[in-house]
Amino acid sequence: PVVEEAEEEEGGKDAKKDAKKEDKGKGKGEEVEDEGPAELPVSDFVLKMQACTEKFCQVWQDRDETNNFAQKFDAELIREALRPGVRDEIR
């Protein structure tokens, strides 16, 4: 019990010291507002990554791959990807 009380007192002292340090760091009447980083223009890379992420989510978000442990190909997915090109070639 004595050791626990000593630890609690030390923790209380540390908290008081931290509070005093914070008060000292504020300064007298000097308040500098940090506006944060300036807004950067959106790069092409970010736009491409967003587009790829959206496409990935559309294709794979709702798929149940729990039974596909061997990572076999999905024939229907391949057919959907190749059909437009084949239709154009036939016409």
Please tabulate, for the side chains in residues 45-63, all donor-acceptor contacts under 3.5 angstrom to protein atoms that are two or more places apart in sequence or on a different chain.
unit_1: T53; atom_1: OG1; unit_2: M49; atom_2: O; d: 2.7
unit_1: R63; atom_1: NE; unit_2: V59; atom_2: O; d: 3.1
unit_1: R63; atom_1: NH1; unit_2: D74; atom_2: OD2; d: 2.7

Can you give me every donor-acceptor pair (side chain of residues 75-91, partner residue at least two apart or in another chain, under 3.5 Å) with its distance?
none

Which residues share a side chain to side chain donor-acceptor pair (under 3.5 Å) with T66, sequence neighbours left out: D64
Which residues satisfy the side chain to side chain donor-acceptor pair (under 3.5 Å) test with N67, sequence neighbours excluded?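 Once residues adjacent in sequence are excluded, N67 has no partner under the side chain to side chain donor-acceptor pair (under 3.5 Å) criterion.
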